[in-house]
Amino acid sequence: MHISYGVLSFPVVAVGWCVTLALLAITLRWGTKDRGIAEEIPKVSVMTGAFFVASLVHIPVPPTSVHLILNGLLGVVLGVLAYPALFIGLTLQSLLFSFGGIDALGVNTMNMGVPALIAYGVFRTGCRRGAPMALLGAICGGLAIFASAILMAICLITTGKEFVDVAKVAVASHIPIMIIEAVITGSVVAFLAKVEPEMLPVDKEDERR
Amino acid sequence: MKAIRIMSLLALVLILCTAFCPLTSAHRVYVREQVKEMQIKAWYGGGYPMAYADVTIYANSTSGEELYLKGKTDKEGMYYFTPKLGVSGYRVVVEATGHRAEKEFDLAGGSQETAELPLYMRILAGFGYLIGLAGIGMIFSARKLKKEYGNK
């Protein structure tokens with residue numbers, strides 16, 4: 001899922017950085033607006049840690065190799081703060097595991113962060129309408145991966161026509177990950193809803209109303 | 001008696017011939033070693049081979065770097081190539097579905113492996129950074145809280 005250093009063309013890299021910096025500013029402000037950041041830090045740190053390590057769980061899908069991403073889970077649990085969390089996690093991954101590159105960090109954060117925000121939006125509206133949480137979590141987990149794969153494919157194709165085949169393979173190889181993450185996110189959400197409902201951003205807002 | 005003398009003379013000439021032969025035809029001789037095949041192995045983190053990945057090999061000679069070969073790895077993530085005679089420095093780029101790795105090596109000096117921390121150390125380092133960042137965030141929020149309470 002990570003796009004490596006030196007693959008993308010300059011305009012794509014620039015757009016990625018612009019989107020990421022703008023979204024970082026917006027999400028940080030929005031996420032800490034009504035609740036102080038102190039309350040969020042432990043949760044964000046734990047989830048960033050999970051994201052950071054999940055990328056080491058590799059699943060061989062010939063002819064490539066894919067790994068867990070968990071951006072849907074981050075979106076569901078952290079809300080808009082998933083974006084900065086993913087940014088930190090991706091920075092650490094690129095520095096320590098050499099996944100992706102520093103120049104592609106903007107694009108990679110965009111590719112994983114925007115779907116996380118979408119997942120959060122879907123989860124919130126779904127919960128308000130009273131859909132079962134576990135099912136919603138599963139849908140969000142799968143949806144985030146799907147959106148990430150599509151975004152990555154767009155980035156690759158806009159860089160060069162020669163990447164069309166690569167993009168197709170990349171999207172197809174993420175189908176298993178989609179299913180796995182749907183299961184993981186669904187079960188984590190079900191567990192949290194039962195044991196620690198405060199962890200989910202939705203409940204808090206509903207209680208307040 | 002005469003026959004023996006002739007025979008020994010002939011033998012002497014022969015011995016002298018063989019003794020002087022290398023000297024008389026002493027052209028300068030060169031030897032060059034050649035590595036016939038290089039093996040390139042590419043794999044993903046976790047040990048899964050990078051099958052059918054694009055390989056690009058650049059030859060590093062004194063005149064600069066130039067594209068030498070292009071190819072694909074096989075099912076096991078292996079790629080074989082014959083080095084260019086007289087060129088020992090190479091840069092190999094392996095690319096597949098957005099994954100990319102690069103390696104520079106010298107046939108004369110062997111592979112220069114950059115020292116890398118073991119995986120568990122890198123994971124620990126990552127958590128260390130995270131805890132540090134969380135700490136910095138906490139300091140800022142604590143400062144904010146202090147201000148708020150100080151004003152009250």
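Ranking A:Gly49, A:Ser55, A:Pro42 against chain B, the residue ahead of the rest is A:Gly49, based on heavy-atom pairs under 4.5 Å. In terms of heavy-atom pairs under 4.5 angstrom with chain B, the leader among A:Leu92, A:Val44, A:Val53, A:Val57 is A:Leu92.
In this structure, A:Phe146 places its CZ atom where only 12 or fewer heavy-atom neighbours from other residues, nucleotides or ligands lie under 6.0 Å away.
Taking OH from B:Tyr129 and CG from A:Leu96, the interatomic distance works out to 6.0 Å, rounded to the nearest 0.5 Å. To the nearest 0.5 Å, the span separating CG on A:Leu56 from CD1 on B:Ile123 amounts to 5.0 Å.
In plain terms, the two heavy atoms of A:Phe52 and B:Arg122 that are nearest each other are CZ-O, 4.0 Å.
Interface residue B:Leu133: only side-chain heavy atoms are found under 4.5 Å from chain A.
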